[in-house]
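Side-chain atoms are counted along with the backbone in the values below, which use heavy atoms only and exclude waters and symmetry mates. Each chain gets a letter, A, B and so on, in the order its sequence line appears, and its residues count up from 1.
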2 protein chains.
Amino acid sequence: MATDPAESALRAAFLTDLSVSGRKLRTLFDAIVRKRGLTLARARLLLHLRQHGATRQGELALVLELEHPTVVRLLDGLEKQGLIARHAVDGDRRAKLVAITEAAAPTVAELEQLIAELRVELLADIAEDDLATASRVLARLVQSIEAMGAAPRSHER
Amino acid sequence: MATDPAESALRAAFLTDLSVSGRKLRTLFDAIVRKRGLTLARARLLLHLRQHGATRQGELALVLELEHPTVVRLLDGLEKQGLIARHAVDGDRRAKLVAITEAAAPTVAELEQLIAELRVELLADIAEDDLATASRVLARLVQSIEAMGAAPRSHER
DNA sequence: TGCAAATAGTTAGCAAGCTACATATGAGAT
DNA sequence: ATCTCATATGTAGCTTGCTAACTATTTGCA
């Protein structure tokens with residue numbers, strides 16, 4: 001048990017590193033789009049609307065991997081900013097279709113540009129292969145996380 | 001510009017994947033330690049105290065890579081739970097030394113165990129090499145993020 | 001037809017994270 | 001000795017994210 005191969009220093013630090021770097025990314029992004037009145041979460045939502053057109057709230061929650069109430073509040077904010085509108089869906093009076101407003105179009109176009117540039121800058125000195133590996137690792141991890149979410153083992157105590 | 005090598009689908013998705021997986025990790029962890037009245041952030045803080053002994057608040061902020069006010073509130077919560085105490089530092093009446101309470105020792109020991117198990121479970125099917133690569137990628141990214149934070153280029157508009 | 005269960009969205013309440021600003025104390029220079 | 005600047009912590013206020021519990025529809029089946 002002294003040198004358990006499953007317990008390298010790497011493994012010990014990885015999960016922390018992951019959540020810290022995710023947080024830092026969000027903070028940087030928030031700072032960049034702040035003067036436009038946006039945040040990472042709002043930008044992600046707007047981008048989806050731009051790229052996939054009007055979308056139902058439930059679908060948004062699925063795609064953005066957020067809980068429904070989180071989406072509700074993001075939309076409340078964006079609606080107040082006049083960037084999106086909730087439209088009635090005919091055939092289902094429960095549902096709402098979310099769409100970008102005319103007024104938001106330029107902002108969102110600019111945002112898309114900004115994000116593309118940021119991406120290039122941040123990932124500039126990372127090799128494609130390494131990125132692919134990292135991507136795979138994250139995907140695996142998420143898979144395990146979701147498996148555990150469904151069947152939490154011993155942590156029930 | 002049609003097939004810009006700097007703009008693969010991987011690159012397009014990576015930053016989102018990172019922040020999403022970080023979030024999911026946090027959510028899972030929070031759910032696991034919830035019945036103990038803990039969260040990921042609080043656990044990280046307690047773990048540091050256990051492994052490095054009593055620490056000043058400023059030092060905690062540095063080590064955990066959190067802003068000072070965030071640490072203040074984590075400590076407020078943990079103090080209310082009776083898990084940590086803020087002690088005076090003699091020689092500097094501004095400073096406070098944060099220490100785990102006697103009462104918290106068993107909780108924290110248990111927590112350490114729990115985290116070790118979780119780590120093994122989550123990373124079980126990931127090769128050491130891949131993990132190392134992923135780790136390097138994250139480190140690089142954080143480096144870029146911090147460089148940009150200091151010198152935000154074109155995003156000044 | 002009419003009632004039960006599923007689905008769409010919302011409300012309430014909590015913790016974490018940030019920025020901006022405030023307070024108290026210490027240290028260094030004149 | 002004092003005055004200024006730096007350091008250590010704290011307060012206020014905002015957004016994101018979650019879970020739990022609610023309302024309004026719709027759907028499916030008896």
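- Rounded to a whole Å, the CD atom of B/Glu67 is 21 Å from the P atom of C/dA15.
- Put simply, B/Arg73 has no side-chain N or O that comes within less than 4.0 Å of OP1 or OP2 on C/dC18.
- Atom P of nucleotide C/dA16 and atom CG of B/Leu38 are separated by 10 Å, given to the nearest angstrom.
- Shown for residues 43-65 of chain A: residues whose heavy atoms fall under 4.0 angstrom of DNA chain C, namely A/Gln57, A/Gly58.
- Here A/Lys96 reaches the OP1 or OP2 of C/dT10: one of its side-chain N or O atoms lies under 4.0 Å away.
- Counting to the nearest Å, the P atom of D/dG10 and the CG atom of B/Leu75 are 7 Å from each other.
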What pairs of nitrogen or oxygen atoms, one from the protein and one from nucleotides 22-25 of chain C, lie under 3.5 Å apart?
from: C/dT25; atom 1: O2; to: B/Arg94; atom 2: NH1; distance (Å): 3.3

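- Results of the side-chain contact (heavy atoms from CB on, under 4.5 Å) test with A/Leu122 over A/Leu118, A/Ile126, A/Asp125 single out A/Leu118 as the only residue that passes.
- Between B/His68 atom NE2 and D/dA12 atom C1' there is a gap of 18 Å when expressed in whole angstrom units.
- Proximity of B/Thr27 to the phosphate of D/dG17: no side-chain N or O atom is located under 4.0 Å from OP1 or OP2.
- Although no hydrogens or angles enter the test, the distance criterion places no donor-acceptor pair under 3.5 Å between the side chain of A/Gln57 and the main chain of A/Ala95.
- For the pair B/Arg23 CZ and C/dC18 P, the interatomic distance rounds to 17 Å; values are reported in whole Å.
- Applying the side-chain hydrogen bond (donor to acceptor under 3.5 Å, both in side chains) criterion to A/Glu59, with sequence neighbours excluded, gives no partner residue.
- Counting non-hydrogen atoms of neighbouring residues, nucleotides and ligands closer than 6.0 angstrom, the CG atom of B/Asp90 reaches no more than 12 such neighbours.
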